[in-house]
Amino acid sequence: MSKSLNTWEVIDKSMLKALPNPSEGAYEIKVKIPEFTFLGVQEQPDFATVYLTFYPTNKIIELKALKQYVYQLRNVVVSYERLINVLYDHLVEVYEPDRLRLVMICNPRGGISSRLTIDSDWGARGGEEKYRDWMSHDDVWDVVL
């Protein structure tokens, strides 16, 4: 019996839902996804923690929809390099934030761990580099400053 593999092309961005932003003022939303799971290219489970830093414009993230979107990844075979880019593209398209920063810290596998980052503020991503905190900031989340 042959088994069908789901690859990154089946990731359904329509699961992401937006809510109207209740504020016209600038603010930052941080979301931590500590149980981010997917199937690596060898069809073995991969685990990561994803940190989302989000500067909303007209829309905010509906967290239940984000959770359902993330759950679908558990049956998707994808490299983490591809996955962070797909996740970034979907979030930018659906929510149209002023800024989106994604950090994916992958759990060690074979003694090696990885950290991937994308920031819409980067000039290389078409950003204006107006925030520039990414140049020295190390995304510390668990320390009270």
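In what follows, residues are counted from 1 in the order of the sequence shown. All heavy atoms count here, side chains included; hydrogens, waters and symmetry mates do not.
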Shortest non-hydrogen pair, Y27 vs I60, comes out as OH-CG2, 3.5 Å
Honestly curious: do V10 and I84 fall in one hydrophobic cluster under the side-chain, below-4.5 Å linking rule?
yes
Please determine whether the number of non-hydrogen atoms from other residues, nucleotides or ligands lying under 6.0 Å from atom CD of Q42 exceeds 12.
no
Linked, directly or transitively: V77 and Y71 (ILVMFWY side chains, under 4.5 Å)
no
State plainly whether the residues D119 and R99 are in salt-bridge range, i.e. N to O under 4.0 Å.
yes
Quick one: does I61's side chain get under 4.5 Å of I29's, heavy atoms only?
no
Separation between CZ of R101 and OG1 of T117, rounded to the nearest 0.5 Å
5.0 Å
Under a 4.5 Å cut-off applied to non-hydrogen side-chain atoms, are F36 and M104 in contact?
yes
Quick one: which of L66, L87, V103 gives a side chain to side chain contact (heavy atoms under 4.5 Å, CB included) with L52?
L66
Evaluate F47 against R109 for side chain to side chain contact (heavy atoms under 4.5 Å, CB included), listing each step before the verdict.
CA-CA 9 Å; F47 303 89; R109 186 172 5 121; over 6 Å; no
Side-chain contact, heavy-atom cut-off 4.5 Å: V50 with L102?
yes
Whether K59 side chain and V94 backbone form a donor-acceptor pair below 3.5 Å
yes
Within this structure, what is the CD-NZ distance for the pair E35 and K67, rounded to the nearest 0.5 Å?
10.0 Å
Kindly indicate, with the supporting measurements, whether the criterion side chain to side chain contact (heavy atoms under 4.5 Å, CB included) is fulfilled by F38 and V76.
CA-CA 6 Å; F38 57 98; V76 173; 5.6 Å; no
Are the side chains of L39 and R74 in contact, using a 4.5 Å heavy-atom criterion?
no
Less than 4.5 Å apart, any side-chain heavy atom of N107 and any of D46?
no
Which distance, rounded to the nearest 0.5 Å, do you find between the CZ of F54 and the OG of S120?
10.0 Å
Distance-minimising heavy-atom pair for C106 and A48
CA-CB, 3.9 Å
Run the ring-centre check on Y55 versus Y131 and record whether the distance is less than 6.0 Å.
yes
If you group Ile, Leu, Val, Met, Phe, Trp and Tyr by side-chain heavy-atom gaps below 4.5 Å, do I112 and I105 land in one group?
no
Are the side chains of L73 and I11 in touch, meaning some heavy atoms are under 4.5 Å apart?
yes
Mark yes or no for whether Q72, through its side chain, and D12, through its backbone, hold a donor-acceptor pair below 3.5 Å.
yes
Donor-acceptor pair, distance only, cut-off 3.5 Å: does the side chain of N21 make one with the backbone of T57?
yes
From R115 atom CZ to T49 atom OG1, the distance as rounded to the nearest 0.5 Å
11.5 Å
First locate atom OH of Y80, then atom OG of S114, and finally report the distance between them rounded to the nearest 0.5 Å.
3.0 Å
Applying the side chain to side chain donor-acceptor pair (under 3.5 Å) test to Y69, which of K17, H90, E62, K64 qualifies?
H90
Side-chain contact test, heavy atoms from C-beta onward, threshold under 4.5 Å: evaluate it for N85 versus I118 and give yes or no.
yes
Grouping I, L, V, M, F, W and Y whenever their side-chain heavy atoms are under 4.5 Å apart, do V92 and L83 come out in a common cluster?
yes
Tell me whether L91 is reachable from L63 by hopping between hydrophobic residues (I, L, V, M, F, W, Y) whose side-chain heavy atoms are closer than 4.5 Å.
yes
Between atom OH of Y51 and atom NZ of K32, what is the distance when rounded to the nearest 0.5 Å?
4.0 Å
Side chain proximity check, L100 to T53, heavy atoms < 4.5 angstrom:
no
